[in-house]
Amino acid sequence: MSDHNPKEPNINTLSIDLTELILSSLPIPSLLRASSVCKLWHSLISSPTFTSPSLSHPWFFLFGLHNTSSRNNQSFAFDPLSNAWFRLPHLDDSSSSSFLGSNGFFFTTTPKFSYSPVLKYTWRLTSPLKYSRINPLLGVFHDGASGGYGFKFIVVGGVRFIGGLVDIEDWLAVEIYDPNHDSWELCPALPADFRSGNNSQSLSSALFKGKFYVFGIYSCFVSSFDLENHVWSEVQTLRPPGVIFSFLISCNDMLVLAGMSNAPRGPSFNLWKIDERTMEFSEIAIMPQSLLYSLVDSEEDDKFASLKCVGMGNLIYVFNEEYHQKYPACLCEIDADNGKCSWRRVPQLPSPVNKFHKVISFCSTVSLTRIFRRQEDVGAASYV
């Protein structure tokens, strides 16, 4: 006999709609755990129609690579709603040297191009790039007109090697991948203004309103590629007064420039809203000084040089890619209603944390559909 009092609420007696509403309020880690409670909850959570506010909050992914011992590679993901880091499975040794991430996918670009949904390593090979390269800019954009998977990848710039030597002729190559046909389309090259710094070490990118923006972190050159018409805009310079280096980020309904500035009041990390039509800028936020200096070693002369920035949706993450204090980070949340910016420190990475030779980071929303989808439905071509 059940001990349950029939006069008290019982979740098993709730309607499916109410059960789904309750589940939708959970952060993603809790949803994944809840999906294993019973068949009904798994069915609701794994359904393509399931929606939750937590799915719109981009996670911060950080991958540390060790040059001499791949066993020291580590992977982490930060969920802003749970305010917690999670360890990810170890990367395949063969893929780590050319590893990238963007908008729901992981990528390797050499020696072969492959991709996998985040949080579920089901790697798929594509047909070969026309110009294989490392450290390119990479974006994922939706193309409803193409049917099928509904998304495409764009690969811009990067460094190509032939016989162990850098090929200086093809640095500016642009290619778009269509998973429906497993084919690459060669597009107009990146403008020659970017030739002196054409990879992800010196460029940042942003997908915004059907355009793929390329921005020089140090040169401050900016140009956009029209994803429908396949043409580049005129190259302009976007440099607020005093800027040392900066990153271009797509945040909901606006472009944001985030970077270090030498202002009369001293070094500061600023955010500017960018008018995509005129490339004019207006300051929207300054990181609190105490938070800024918590990210660096105050005794170093070039202490701010190792700061990096990524963002998506309403969140911007700033972090130190050097080992100081085990890669500290903070985030800024931009209120969608009033534009107010609020800063907070991100918790430390879970120990132990190794010292890395290279840190790769990006923001991405997390798709429950892709996590639950069977491997054969993830993409085209064959497994790695």
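These figures come from a predicted structure and were not determined experimentally.
Checking S132 against T110 by side-chain atom types alone, no donor-acceptor pair falls below 3.5 Å.
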### Query
Can C309 and V318 be said to form a side chain to side chain contact (heavy atoms under 4.5 Å, CB included), step by step?
CA-CA 5 Å; C309 185; V318 184; 4.1 Å; yes

### Query
Step by step, would you call F106 with F99 a ring-ring contact (aromatic ring centres under 6.0 Å, His included)?
CA-CA 7 Å; F106 299 141; F99 185 79; 5.4 Å; yes

### Task
Before giving the answer on side chain to side chain contact (heavy atoms under 4.5 Å, CB included), spell out for W123 and T108 the whole-Å C-alpha distance, their side-chain angles and the decisive distance to 0.1 Å.
CA-CA 9 Å; W123 291 97; T108 63; 4.0 Å; yes

### Query
Does the side chain to side chain donor-acceptor pair (under 3.5 Å) test come out yes or no for S306 and N320, once each step is laid out?
CA-CA 6 Å; S306 56; N320 193 331; 2.7 Å; yes

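Taking the side chain as every heavy atom from C-beta outward, N83 and P347 approach each other to under 4.5 Å. Here the side chains of P191 and F221 are not in contact, with every heavy-atom distance at 4.5 Å or above. The side-chain heavy atoms of I316 and I249, taken from C-beta on, include a pair separated by under 4.5 Å. Residues P136 and V156 are not in side-chain contact: their nearest non-hydrogen atoms beyond the backbone lie 4.5 Å or more apart. Using a 4.5 Å heavy-atom threshold, the side chains of M312 and S250 count as separate. When side chains are defined from C-beta on, S75 counts as touching F63, because their heavy atoms get closer than 4.5 Å.
Atom NZ of K273 has 12 or fewer heavy atoms from other residues, nucleotides or ligands within 6.0 Å.
Under a 3.5 Å cut-off, the side chain of W184 and the backbone N or O of S127 do form a donor-acceptor pair. With T19 contributing its side chain and S15 its backbone, the two residues share a donor-acceptor pair below 3.5 Å. Formation of a donor-acceptor pair under 3.5 Å by the S25 side chain with backbone atoms of I22 is found in this model. Remark: side-chain polar atoms of S82 are not paired, donor with acceptor, to backbone N or O of A84 under 3.5 angstrom. Side-chain N or O atoms of D226 include one that pairs as donor or acceptor with a backbone N or O of N229 at under 3.5 Å. Under a 3.5 Å cut-off, the side chain of S46 and the backbone N or O of H42 do form a donor-acceptor pair. Judged purely by atom type and a 3.5 angstrom limit, W232 has no side-chain atom pairing as donor or acceptor with the backbone of S223. A donor-acceptor contact shorter than 3.5 Å links the side chain of Q74 to the backbone of P352. A donor-acceptor contact shorter than 3.5 Å links the side chain of D178 to the backbone of N180. Side chain of R239 to main chain of F245: no donor-acceptor pair is present (N/O by atom type, distance under 3.5 Å, no hydrogens or angles).
Ion pairing between E175 and R133 holds under the 4.0 Å rule for side-chain N and carboxylate O.
L81 and F76 are members of different hydrophobic clusters when ILVMFWY side chains are connected at heavy-atom separations under 4.5 Å. Connection of F194 to V222 is not established within any shared hydrophobic cluster, with ILVMFWY side chains joined at heavy-atom distances below 4.5 Å, either directly or through further cluster members. The same ILVMFWY cluster, assembled from side-chain heavy atoms under 4.5 Å apart, contains both F269 and Y218. I286 and I284 fall into different hydrophobic clusters, where Ile, Leu, Val, Met, Phe, Trp and Tyr residues are linked whenever their side-chain heavy atoms come under 4.5 Å apart, directly or through other members. L238 and V235 end up in different hydrophobic clusters when Ile, Leu, Val, Met, Phe, Trp and Tyr side chains are linked at under 4.5 Å.
Ring pair F107/Y115 is tilted by interplanar angle, where 30° to 60° counts as tilted. Taking the six-membered ring where the residue is Trp, F153 and F113 present tilted rings, their angle falling between 30° and 60°.
Between atom CG of residue L248 and atom CH2 of residue W272 there is a gap of 12.0 Å, rounded to the nearest 0.5 Å. From W343, atom CH2 reaches atom CE of M287 across 4.0 Å, with rounding to the nearest 0.5 Å. Atoms CD1 and CG, from I334 and L315 in turn, are 8.5 Å apart once rounded to the nearest 0.5 Å. Distance check, rounded to the nearest 0.5 Å: CG of N252 to CG of D335 gives 10.5 Å. The line from CG of L138 to OH of Y177 is 12.5 Å long, rounded to the nearest 0.5 Å. In this structure, the separation between CG on L271 and OG on S282 is 11.0 Å, given to the nearest 0.5 Å.
Pairs of residues two or more places apart, or lying in two chains, that qualify as side chain to side chain donor-acceptor pair (under 3.5 Å) and include a residue from residues 259-271 are S268-N270, N270-E283.
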Which atom pairs, donor and acceptor, lie under 3.5 Å between side-chain atoms of residues 206-214 and protein residues at least two apart or in another chain?
{"residue": "K209", "atom": "NZ", "partner": "E276", "partner atom": "OE2", "Å": "3.1"}

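Between F61 and F78, the distance separating the two ring centers is not shorter than 6.0 angstrom.
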